Amino acid sequence: ARLGAPSAALEVKVPTLIMWGADDRLIPLANGRWYAAHIPGSRLIAYPGVGHIPMEEAATRTADDLAGWLAMLAPPPPASPAVPLPTASQ
């Protein structure tokens with residue numbers, strides 16, 4: 001599939017966060033909704049009052065949303081094995 005072609009979305013097999021400005025006049029939110037519907041397991045976040053570049057127009061919100069989404073994907077840390085603490089006589 002050609003990069004950027006809608007059919008390429010069907011080939012995405014990894015967790016995907018789609019961040020879209022709800023007021024994007026260049027590429028309407030309907031396109032973001034289409035991607036969300038066609039990329040299995042994706043999550044769409046639409047930012048009200050934001051245009052084409054949400055990462056610049058709503059930097060704090062998008063960074064927080066990205067951090068939260070990544071945290072959900074991270075596996076839990078492995079459990080530490082119980083190791084007895086040394087005693088004074090050791």
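Note that this is a predicted model, so its numbers are computed, not measured. Below, all heavy atoms of this structure are taken into account, side chains as well, without hydrogens, waters or symmetry copies.
No path of Ile, Leu, Val, Met, Phe, Trp and Tyr side chains, each step under 4.5 Å between heavy atoms, connects Leu73 with Leu44, placing them in separate hydrophobic clusters. In the hydrophobic clustering of this structure, Leu17 groups with Met55; members are Ile, Leu, Val, Met, Phe, Trp, Tyr whose side-chain heavy atoms approach within less than 4.5 Å, directly or through other members. In the hydrophobic clustering of ILVMFWY residues, with side-chain heavy atoms under 4.5 Å counting as a link, Ile18 and Val50 come out apart. Under the 4.5 Å side-chain heavy-atom criterion for Ile, Leu, Val, Met, Phe, Trp and Tyr, Leu29 and Ile39 are members of the same hydrophobic cluster.
Scanning both residues, Pro48 and Ala22, for their nearest heavy atoms gives CA-CB, 3.8 Å. What you find for Ser42 and Ala36 is that their closest heavy atoms are OG-O, 3.0 Å. Minimum heavy-atom separation, Pro54 to Met19: CG-O, 3.8 Å.
How far CG of Asp65 is from CZ of Arg43: 6.5 Å, rounded to the nearest 0.5 Å. Atoms CD1 and OG1, from Ile53 and Thr62 in turn, are 11.5 Å apart once rounded to the nearest 0.5 Å.
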- request: Take Leu10 and Val12 through the test side chain to side chain contact (heavy atoms under 4.5 Å, CB included) and record every step on the way to the result.
  value: CA-CA 6 Å; Leu10 304 175; Val12 175; over 6 Å; no

- prompt: Are Ile45 and Trp20 close enough, and set up right, to give a side chain to side chain contact (heavy atoms under 4.5 Å, CB included), and what steps lead you there?
  reply: CA-CA 6 Å; Ile45 301 175; Trp20 214 280; over 6 Å; no

- request: Decide side chain to side chain contact (heavy atoms under 4.5 Å, CB included) for Tyr35 and Thr16; before the verdict, give the C-alpha distance in whole Å, the side-chain angles of both, and the deciding distance to 0.1 Å.
  value: CA-CA 10 Å; Tyr35 280 107; Thr16 304; over 6 Å; no

